[in-house]
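Every chain is numbered from 1, with letters handed out A, B, ... down the list of sequences.
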Protein chains: 2
Amino acid sequence: MSVEPQRRSQLVEATITEIGMTGSLNVTVGQIAKRAGVSAALAFHYFGDKDQLFLAAMRHILTIYGAEVRGALAAGASPRDRLNGLIRASFSPTNFRRDVIAAWLNFYVLARRADAAKRLLAIYHSRLQSNLVHDLRPLVGADAADIAQRIGGLIDGLYLRNAINPEVMTGKSAAAHVLAALEREIGECK
Amino acid sequence: MSVEPQRRSQLVEATITEIGMTGSLNVTVGQIAKRAGVSAALAFHYFGDKDQLFLAAMRHILTIYGAEVRGALAAGASPRDRLNGLIRASFSPTNFRRDVIAAWLNFYVLARRADAAKRLLAIYHSRLQSNLVHDLRPLVGADAADIAQRIGGLIDGLYLRNAINPEVMTGKSAAAHVLAALEREIGECK
DNA sequence: TTTTGTTGATTGACTAATCAAACAATCCAT
DNA sequence: ATGGATTGTTTGATTAGTCAATCAACAAAA
């Protein structure tokens, strides 16, 4: 009956919360550990250093996001349905929480320094791209890749806008905007 | 014959460069001052504290961006021309430099803590929005505001993508993508 | 007893901000 | 012109504080 997984999970959750509070990676391991109800030394014991703790937190966020997306894709019958589900999942309350978005924002910043973060981000990007392309191709053929770039970029951009102004750009309206853009992209406009 | 403006300018440039190097706000005033060829104390003397130095740097970036946009808008004859110019200006080499994008990224992060940064960012957002709406209205009428949200969001999103992967998403291709999205949005798709 | 889990104490490196003083250019009175 | 005061510019040294990371030691369970 090891407590290790529990402690790790506590620390990961605390990391996300703490980043959400300060809005930056400028949180001490001490603050995180305190929130998790353990000592700072334990965080180092389990994760080695601060960066790896952050990365574990992002992996956790990506895992949840990935599971939700897979669920939405599995539930959709047609390509249209699956795209719809994919977009809605991206903006679901779970992934669109204030602190999760703050973590994402700082993840992008970290990705410029830390290679491990860059790799993790690349995985997210290429998965999103291939998910989009997979269901766009039956609808638009060769344009799928380009359209996927734009839809993916729009998702990221609206995330960013929400991070700054959650009242103006809510999760609901962001999803509606992406769906509207998708409409325009796949509408047979000759 | 005061040298103050020159020193301020040196420090602002050095701030942008230094943030571009490390990719984060985690640069010491000492590093910035060293690059500017002055002492750290002088940076404090002129700017008060670190945040204000960074804000001065962002104001500088926004000023240049604003001037370029105004130029592009003035040069365009039709709404279509002006939108085209606005988008191209947003992705011009000046505004799409590696270190400038790094500054933007960290600006978004700072805006969650510092009110002054949040206000500055709000000014950028509302200017972009109103510029877009102004020239979209003649083309699409009541949809202008919504479309402007999407185009603005896409611009921000593609910025973000370039920050991570400048080879895949270049300034040129980002501008092309936004223009393509604009096409789809204003194309009379009946 | 051994293993596993946990911590308090400590350290060494680093940092924002301050301050008194040095330096340089300009001005004014003689 | 000349010397002394004035003002603006710049820095080295210092302060007061923070933080990541380590480690020896303690507690509990097996």
Side-chain angles (χ1 to χ4, degrees), chain A residues 1-58 102-103 106-107 109-117, chain B residues 1-58 103 106-107 109-110 112-117:
Chain A
M1 214 191 302
S2 168
V3 296
E4 180 172 340
Q6 186 190 338
R7 291 282 174 274
R8 292 185 95 101
S9 169
Q10 283 170 1
L11 282 163
V12 160
E13 294 286 350
T15 302
I16 296 169
T17 305
E18 206 63 30
I19 291 174
M21 295 251 136
T22 68
S24 80
L25 285 187
N26 235 338
V27 284
T28 71
V29 177
Q31 287 173 302
I32 293 168
K34 190 175 176 185
R35 179 173 298 276
V38 297
S39 79
L42 196 65
F44 286 102
H45 175 64
Y46 282 136
F47 293 94
D49 63 21
K50 200 178 148 181
D51 275 8
Q52 285 181 265
L53 176 55
F54 286 134
L55 282 179
M58 275 316 298
N106 285 281
F107 184 43
V109 171
L110 184 65
R112 299 187 49 108
R113 278 182 289 129
D115 255 19
Chain B
M1 218 188 300
S2 169
V3 295
E4 179 172 342
Q6 185 190 339
R7 291 282 174 276
R8 291 185 98 101
S9 169
Q10 283 170 3
L11 281 163
V12 160
E13 295 285 351
T15 302
I16 297 169
T17 304
E18 206 63 30
I19 290 173
M21 296 250 133
T22 68
S24 83
L25 284 187
N26 236 340
V27 284
T28 71
V29 177
Q31 287 173 303
I32 293 169
K34 190 175 175 185
R35 178 174 297 275
V38 297
S39 80
L42 195 65
F44 286 103
H45 176 63
Y46 280 137
F47 293 95
D49 63 21
K50 200 178 147 181
D51 276 8
Q52 285 181 267
L53 174 55
F54 178 62
L55 281 180
M58 276 316 297
N106 286 281
F107 185 42
V109 172
L110 183 66
R112 299 185 51 106
R113 279 182 289 131
D115 256 18

J.: Expressed as a whole number of angstroms, how long is the span from A/Leu11:CG to C/dG5:C1'?
T.: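 From A/Leu11 CG to C/dG5 C1': 13 Å.
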
J.: For B/Lys50, enumerate each residue passing the side chain to side chain contact (heavy atoms under 4.5 Å, CB included) test, keeping only those at least two apart in sequence or located in another chain.
T.: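 So B/Lys50 forms a side chain to side chain contact (heavy atoms under 4.5 Å, CB included) with B/Val29.
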
J.: Without decimals, in angstroms, what is the distance between B/Phe47 CZ and D/dT10 C1'?
T.: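 My rounded result for the distance is 15 Å.
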
J.: Considering just the side-chain nitrogens and oxygens of A/Arg7, establish if one lies under 4.0 Å of OP1 or OP2 belonging to C/dT6.
T.: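 For C/dT6, OP1/OP2 do have a side-chain N/O of A/Arg7 under 4.0 Å.
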
J.: Give the dot-bracket line for DNA chain D from 5' end to 3' end: parentheses for intra-strand Watson-Crick or G-U pairs under 3.5 Å, square brackets for crossings, | for inter-strand pairing, dots for unpaired.
T.: ||||||||||||||||||||||||||||||

J.: Hey, could you give me the CZ/CG distance between B/Arg113 and B/Leu25, rounded to the nearest 0.5 Å?
T.: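 Interatomic distance, B/Arg113 CZ to B/Leu25 CG, rounded to 0.5 Å: 7.0 Å.
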
J.: Show me the protein contacts with nucleotides 17-24 of chain D, counting only N or O atoms at under 3.5 Å.
T.:
| from | atom 1 | to | atom 2 | distance (Å) |
| --- | --- | --- | --- | --- |
| D/dA20 | OP1 | A/Lys50 | NZ | 2.7 |
| D/dA20 | OP2 | A/Val29 | N | 3.1 |
| D/dA21 | OP2 | A/Lys50 | N | 3.0 |

J.: Under 3.5 Å, which donor-acceptor pairs link side chains of residues 13-24 of chain B to any protein atom two or more places apart or in another chain?
T.:
| from | atom 1 | to | atom 2 | distance (Å) |
| --- | --- | --- | --- | --- |
| B/Thr15 | OG1 | B/Leu11 | O | 2.7 |
| B/Thr17 | OG1 | B/Glu13 | O | 3.0 |
| B/Glu18 | OE1 | B/Arg35 | NE | 2.4 |
| B/Glu18 | OE1 | B/Arg35 | NH2 | 3.3 |
| B/Thr22 | OG1 | B/Ser24 | N | 3.2 |
| B/Thr22 | OG1 | B/Ser24 | O | 3.1 |
| B/Ser24 | OG | B/Asn26 | N | 2.9 |

J.: So does B/Val3 get a backbone contact from the side chain of B/Gln6, meaning a donor-acceptor N/O pair under 3.5 Å?
T.: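 Flag not set: sc B/Gln6 to bb B/Val3 has no pair under 3.5 Å.
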
J.: Of all residues at least two apart in sequence or in a different chain, which pass the ring-ring contact (aromatic ring centres under 6.0 Å, His included) check with A/Phe44?
T.: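 For A/Phe44 there are no ring-ring contact (aromatic ring centres under 6.0 Å, His included) partners, ignoring immediate neighbours.
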
J.: Does A/Val109 form a side chain to side chain contact (heavy atoms under 4.5 Å, CB included) with B/Val109? I'd like the steps, not just the answer.
T.: CA-CA 9 Å; A/Val109 171; B/Val109 172; 3.8 Å; yes

J.: Measure the distance from CD on A/Glu4 to P on C/dG5 and round it to the nearest whole Å.
T.: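 For the pair A/Glu4 CD and C/dG5 P, the rounded distance is 6 Å.
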
J.: How long is the straight-line distance from OH of A/Tyr46 back to CG of A/Leu53, given to the nearest 0.5 Å?
T.: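 That separation rounds to 13.5 Å.
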
J.: For B/Leu42 and D/dT11, give me the distance from atom CG to atom P, rounded to whole Å.
T.: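 Checked: the CG to P distance equals 6 Å.
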
J.: B/Lys34 has an atom NZ; how far is it from atom P of D/dG12, in whole Å?
T.: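 Interatomic distance, NZ of B/Lys34 to P of D/dG12: 12 Å.
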
J.: For A/Arg8, give me all partners under salt bridge (charged side-chain N to carboxylate O under 4.0 Å, His left out), at least two apart in sequence or on another chain.
T.: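 In terms of salt bridge (charged side-chain N to carboxylate O under 4.0 Å, His left out), with neighbours along the sequence ignored, A/Arg8 is linked to A/Glu4.
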
J.: Taking only residues two or more places apart in sequence, or in another chain, which ones meet A/Ser39 in a side chain to side chain contact (heavy atoms under 4.5 Å, CB included)?
T.: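 Side chain to side chain contact (heavy atoms under 4.5 Å, CB included) list for A/Ser39, sorted by chain: A/Ala41, A/Leu42.
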
J.: From CD of A/Gln10 over to P of C/dG5, roughly how many Å is that when rounded to an integer?
T.: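 Nearest whole value for this atom pair: 13 Å.
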
J.: Given D/dT11, D/dT10, C/dG5, which nucleotide is nearest the side-chain atoms of A/Tyr46?
T.: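 Closest nucleotide among those given: C/dG5.
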
